[in-house]
Novice: 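Dropping the structure in here first, questions after.
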Amino acid sequence: MINFTEYLEKYAALVIEMGVNIQPEQELVIRAPIECAEFTRILTEKAYQKGAKEVIVLWKDEQLSKIKYTYSPLEVFETVPRWQANFFNDYSERGAAFLSIYAEDPELMADVDPQKIIAGIKASRTACQPYYDRLDNGENVWNIVSVPTLAWAKKVFPDCSDEQAIDKLWKAIFKAVRVDTPDPIAAWKQHDQSFRSKVAWLNQQQFQKLRYTNSLGTNLTLGLPQNHIWQGGGETSNKGVFFFPNMPTEEIFSMPHKDHVDGVVVSSMPLNHNGNLIDGFSFTFERGKIVDFTAKQGYDVLKHILETDEGSRYLGEVALVPNHSPISNMGILFYNTLFDENASCHLALGAAYPSCIQDGTTMSKEQQAQKGVNDSANHIDFMVGTEDLNIVGIKADGTEISIFEHGNWSSAVQ
Ligand code: ZN
Ligand code: ZN
């Protein structure tokens with residue numbers, strides 16, 4: 001039997017100290033579902049104990065959101081009230097840390113008009129551009145974590161009682177974020193070290209392209225821009241604060257060259273997008289652009305995603321995760337990107353992280369586009385890793401080095 005209260009305290013301390021690494025006199029904005037009030041109170045108290053000046057909590061209720069999406073007309077989602085945009089733009093300018101608890105019901109929004117959801121994302125991206133840019137460019141620290149909610153837990157463990165499902169999901173989360181170790185903070189420092197050598201090796205190789213193949217039908221050539229940067233584990237903000245944007249995290253990621261992707265990639269896990277499930281899908285790329293796609297489930301949702309803007313038809317992230325990652329070894333499909341993306345190699349439609357290319361964060365949008373950095377209101381991860389996935393790195397002189405064999409790091413990677 002685990003001591004639940006003790007684990008909860010350790011988890012909250014980990015998030016505050018290693019996730020956002022709160023600094024004295026700093027402001028902290030927490031976005032939390034109302035169901036996660038207990039954990040949010042513990043987080044808030046820990047943040048104050050570490051010297052936070054003010055903790056501002058924005059409560060979300062997904063049932064209320066669904067009612068709003070159902071009854072409000074499209075135009076309501078096409079603009080963001082000025083006070084709301086000011087909130088994010090102002091707090092980010094003041095150097096606040098941003099913490100989100102991500103725990104949605106994976107299928108809640110299934111009947112909602114996807115146009116409303118996409119309009120909301122676009123409007124928020126436009127109105128809160130300064131906020132998003134500061135986060136993307138490393139000005140502010142941010143962290144995303146998850147806490148079980150009943151609807152989510154029941155989706156993951158449909159055959160369990162309510163109580164059992166919640167309990168099982170807590171245990172899986174505690175394990176994934178290493179809260180089940182004697183000293184989680186030390187465990188995360190060590191975890192960060194394990195990324196360093198592979199990141200350094202990949203950055204030194206400067207592959208021109210990667211070739212993905214597996215028996216699902218993936219046969220994809222993915223170009224990487226010149227001076228691309230692989231990252232993984234923790235990050236350091238422009239102010240020198242070391243933080244972990246995601247907990248858990250098992251990925252090493254960079255950006256594809258937006259115009260140099262060709263071939264077919266087949267999904268290996270369902271994608272939950274704002275409460276809509278898309279499954280059994282594939283994309284065909286020509287010179288970076290998706291020119292054809294298929295989906296066994298959620299075709300219309302996927303179509304709407306791709307129609308959001310020009311950048312939604314191009315890739316913005318390439319991430320390597322071994323098939324034997326601690327999360328994939330649990331054998332649980334979480335229906336939650338934060339967990340599923342750390343169980344599988346993945347790619348993302350939409351915006352790239354400018355920090356994945358040298359000088360990317362100080363380039364203008366035009367310079368970024370010229371170097372192959374994709375931009376979009378969307379950033380949507382989808383899983384492509386399988387136990388038979390092979391990835392070969394190809395250098396400018398044609399040299400080929402195996403990176404992944406049968407779903408895991410090849411022995412050529414140090
Ligand atoms: Zn990723
Ligand atoms: Zn991503």
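We count ligands from 1, going down the list as the structure has it; atoms in each ligand are counted the same way.
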Novice: Looking at E341, which of its N, O or S atoms is the nearest one to the Zn ion (ligand 1)?
Specialist: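 Of the nitrogen, oxygen and sulfur atoms in E341, the Zn ion (ligand 1) lies nearest to OE1.
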Novice: Can a side-chain donor-acceptor contact be found between T337 and D381 if the only test is distance below 3.5 angstrom?
Specialist: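 No.
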Novice: Is E317 close enough to the Zn ion (ligand 2) to have an N, O or S atom under 2.8 Å?
Specialist: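 So E317 counts as coordinating the Zn ion (ligand 2), yes.
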Novice: Is a side-chain N or O of Q206 found less than 3.5 angstrom from the main chain of N227, in a donor-acceptor match?
Specialist: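 Yes.
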Novice: Is the terminal nitrogen or CZ of K198 (NZ for Lys, CZ for Arg) located under 6.0 angstrom from the six-membered ring centre of W230 and within 45° of that ring's axis?
Specialist: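 No, a cation-pi geometry is absent between K198 and W230.
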Novice: Which single N/O/S atom of D381 lies at minimum distance from the Zn ion (ligand 2)?
Specialist: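 Per the distance ranking, D381 contributes OD1 as its closest N/O/S atom to the Zn ion (ligand 2).
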Novice: Check whether Y132 forms a cation-pi arrangement with R125 (NZ or CZ under 6.0 Å from the six-membered ring centre, at most 45° off the ring normal).
Specialist: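 Yes, a cation-pi geometry holds between R125 and Y132.
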Novice: Could you tell me whether the Zn ion (ligand 2) has an N, O or S atom of H346 under 2.8 Å away?
Specialist: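 So H346 does not bind the Zn ion (ligand 2) by this criterion.
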Novice: Which N/O/S atom belongs to E251 and is the closest one to the Zn ion (ligand 1)?
Specialist: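 Looking only at N, O and S atoms of E251, the one nearest the Zn ion (ligand 1) is named OE1.
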Novice: Would a distance-only check, ignoring hydrogens and angles, find a side-chain to backbone donor-acceptor pair under 3.5 Å from N21 to F242?
Specialist: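 Flag set: sc N21 to bb F242 pair under 3.5 Å.
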